[in-house]
Amino acid sequence: VSNPRATPMHGMPLALRGKSHRQKKIIPIIIVPNAATALINIHNAKDFLEDGRWINPGEKRKALAAANGGKLPREESVIISSKQLVKPQEQAQLGAKFDVFKVTD
């Protein structure tokens, strides 16, 4: 009878057992204030980080509410592209490549 603890898989997490050693995709998280008066919040962060365009949070909330029948949608988080946020040469210096970032409040 073989000892299951003697196998190399014993110390491995269950998620990795029997699978190739693929690198897990990492999505960095940017936390913004959950305040209507904050200069950057969940509503205008995408415009600011992706396009470099700051929009007054109050104006952005009004525009979002108008586009949704008068009701402001509650966004738990938004995913943004990192093309404008982290340049490829900076990603190489960091030793990681991030395709997207998650912004949450």
Side-chain angles (χ1 to χ4, degrees):
V1 177
S2 66
N3 182 358
R5 294 184 179 268
T7 64
M9 294 287 194
H10 172 67
M12 257 187 188
L14 290 174
L16 294 178
R17 292 182 190 181
K19 293 184 179 180
S20 65
H21 296 285
R22 292 178 288 193
Q23 189 172 9
K24 185 178 177 183
K25 184 174 181 174
I26 297 172
I27 300 177
I29 299 172
I30 299 171
I31 300 172
V32 295
N34 183 8
T37 58
L39 294 176
I40 300 287
N41 61 25
I42 196 73
H43 301 297
N44 67 353
K46 186 171 179 118
D47 295 311
F48 182 72
L49 294 171
E50 279 190 344
D51 304 328
R53 190 170 41 108
W54 182 79
I55 299 173
N56 181 298
E59 292 173 13
K60 184 68 176 187
R61 281 193 315 277
K62 287 177 188 175
L64 287 170
N68 288 291
K71 186 176 180 180
L72 183 65
R74 172 67 185 128
E75 297 179 83
E76 294 291 325
S77 63
V78 293
I79 301 294
I80 62 167
S81 169
S82 67
K83 290 181 178 113
Q84 296 293 328
L85 191 57
V86 180
K87 310 254 181 306
Q89 62 270 21
E90 292 170 343
Q91 289 180 0
Q93 288 174 350
L94 292 171
K97 182 176 187 320
F98 304 121
D99 296 327
V100 295
F101 286 77
K102 179 179 180 179
V103 178
T104 189
D105 60 7

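Nothing here was measured: the structure is a model prediction, and the numbers come from that model. Throughout, residue positions are numbered sequentially from 1 according to the sequence presented.
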| Are Ile55 and Leu39 in one and the same hydrophobic cluster, where Ile, Leu, Val, Met, Phe, Trp and Tyr link if side-chain heavy atoms are under 4.5 Å apart? | no
| message | Do Val78 and Leu64 land in one hydrophobic cluster if side-chain heavy atoms of ILVMFWY residues count as linked below 4.5 Å? | response | no
| Other than Ile31, which residues form its hydrophobic cluster under the rule that side-chain heavy atoms must be closer than 4.5 Å? | Ile29
| query | Is there any side-chain hydrogen bond (donor to acceptor under 3.5 Å, both in side chains) pair reaching into residues 62-74, and which pairs are they, with sequence neighbours excluded? | reply | Arg74-Asp105
| said: Suppose the criterion is side-chain hydrogen bond (donor to acceptor under 3.5 Å, both in side chains): which pairs have a residue in residues 28-44, not counting sequence neighbours? | reply: none
| field | Pairwise distance CZ(Phe101) to CD1(Ile79) - rounded to 0.5 angstrom | value | 11.0 Å
| Option among Lys60, Glu59, Arg61 that satisfies the side chain to side chain contact (heavy atoms under 4.5 Å, CB included) test with Pro57 | Arg61
| remark: Which of Val32, Ile30, Val103 passes side chain to side chain contact (heavy atoms under 4.5 Å, CB included) with Ile40? Answer is Val32
